[in-house]
Amino acid sequence: MKEKVEKQNVTENTSAKKEPPKKKKLYDIAFYHDWCKACGICIAFCPKKIITPDKSGKPMIEEPDKCIGCRFCEIHCPDFAITVSDRRPKRRKDDV
Amino acid sequence: MAVTAQKIRHEYLRHNKKFPHVWCPGCGNGIVMAALLRAIYRMEISKDDVVLASGIGCSGRMPTYLDFNTLHTTHGRALTFATGVKLAKPDLNVVAIMGDGDATAIGGNHFIHAARRNLNLTAIIINNSIYGMTGGQYSPTTPFGSTSTTSVYGHIEHDFSIAELAVTAGASFVARATVYHGELMDRLIEQAMRKRGFAVVEVISNCHVQYGRRNKLGGAVDMLTSFKENSITVSKAEKLSPEELEGKTTIGVLTDREMPISTEEYKKVRERASKTKGKI
């Protein structure tokens with residue numbers, strides 16, 4: 001029994017060590033406005049409601065940090081005009 | 001790593017074609033096209049090993065945008081051309097893309113007999129309940145009582161279910177999805193393409209320009225919302241009574257069965273005939 005208790009303790013310790021403060025995964029959404037026909041599917045079905053229409057009715061995003069990366073907009077865009085990608089650190093000034 | 005739209009755009013679209021494509025804003029055909037491309041990307045098949053055949057109609061425009069071996073054929077004859085390709089080159093992955101009128105009205109005979117013959121083909125049928133390209137005439141899948149340009153005072157004929165027709169005609173894999181369920185759709189298309197035998201995927205799509213507008217169903221977003229609300233998975237549908245299921249669309253795999261394939265059986269016949277040197 002003692003051994004078991006010790007083992008449990010050990011596992012608890014390691015699990016406690018393994019848990020760093022969870023960093024939220026960030027995503028970037030790129031809208032290709034030349035191909036977009038402003039159908040409004042991405043705006044209507046976004047679960048976080050962060051995609052908003054601009055003056056011409058085409059989608060834009062003001063707070064990309066709130067994106068949860070469900071890719072609903074990317075999958076349901078009939079015009080291949082949306083790309084959702086994992087955010088990477090920007091290396092150059094002109095990186096999109 | 002998820003399949004991104006960017007990869008699909010660069011790999012599979014024909015870049016000498018004019019984009020954006022001809023379909024109306026919010027048309028489900030684009031969503032089906034993306035799902036088909038994701039399925040092919042995940043299966044890791046070479047572009048040279050895929051043949052797409054399509055008939056006439058809005059859905060018939062699909063292969064012209066895609067960088068595979070493609071056939072844009074006569075009305076309703078996508079499956080006949082696909083059958084020819086499959087018999088000549090059984091190793092190719094042949095996909096026929098049809099609309100509801102294309103598959104069940106003009107090519108209705110071809111459809112049921114391709115299912116009966118059980119060739120190793122995949123048929124993707126985009127069902128938008130109307131002939132959209134020619135101006136909104138009623139098709140075999142237009143629901144009873146709805147309005148179209150040829151049924152201004154209400155449609156007096158009853159519609160039939162394409163997926164259930166395919167099950168009865170003897171297809172080995174039948175599945176149904178709606179354009180709202182994009183991820184389910186590409187999983188089903190992948191399963192259908194991997195299936196050995198005649199595989200049918202019916203995709204319920206929206207034609208808000210010709211059908212939705214005349215029947216006051218709203219735009220693309222409203223129609224997609226109605227698909228979301230009115231569809232039910234096969235496993236859930238089994239528990240419900242027929243009255244509760246009225247007006248609902250069952251989505252998922254309807255039939256998955258193993259059956260002898262026509263091309264392989266034909267090969268066996270040839271071997272048998274060559275052994276006996278033509279004498280019975």
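Given the structure is predicted, the values throughout are model-derived calculations rather than measurements. Computed from heavy atoms alone, side chains included, the values below leave out hydrogens, waters and symmetry copies. Residue numbers begin at 1 in each chain, while the letters A, B, ... track the order of the sequences.
In this structure, A:His33 contributes its side chain and A:Ala81 its backbone to no donor-acceptor pair below 3.5 Å. Looking only at distances, no side-chain donor or acceptor of B:Arg176 sits under 3.5 Å from a matching main-chain atom of B:Ile204.
Among residue pairs with one or both ends in residues 12-25 of chain B, those qualifying as side chain to side chain donor-acceptor pair (under 3.5 Å) are A:Lys37-B:His21, A:Asp79-B:His21, B:Arg14-B:Thr70; sequence neighbours excluded.
For chain A, the nearby part of B:Val179 is the backbone; its heavy atoms alone come within less than 4.5 Å. For a residue to count as touching a neighbouring chain, one of its non-hydrogen atoms must lie under 4.5 Å from one of that chain's; by this rule A:Ile82 touches chain B with the backbone only.
A side chain to side chain donor-acceptor pair (under 3.5 Å) with B:Thr141 holds for exactly one of B:Asp159, B:Thr104, B:Asn127, B:Asn128; it is B:Asn127.
Listed options B:Ala34, B:Ala220, B:Gly219 were ranked by heavy-atom pairs under 4.5 angstrom with chain A; first place goes to B:Ala34.
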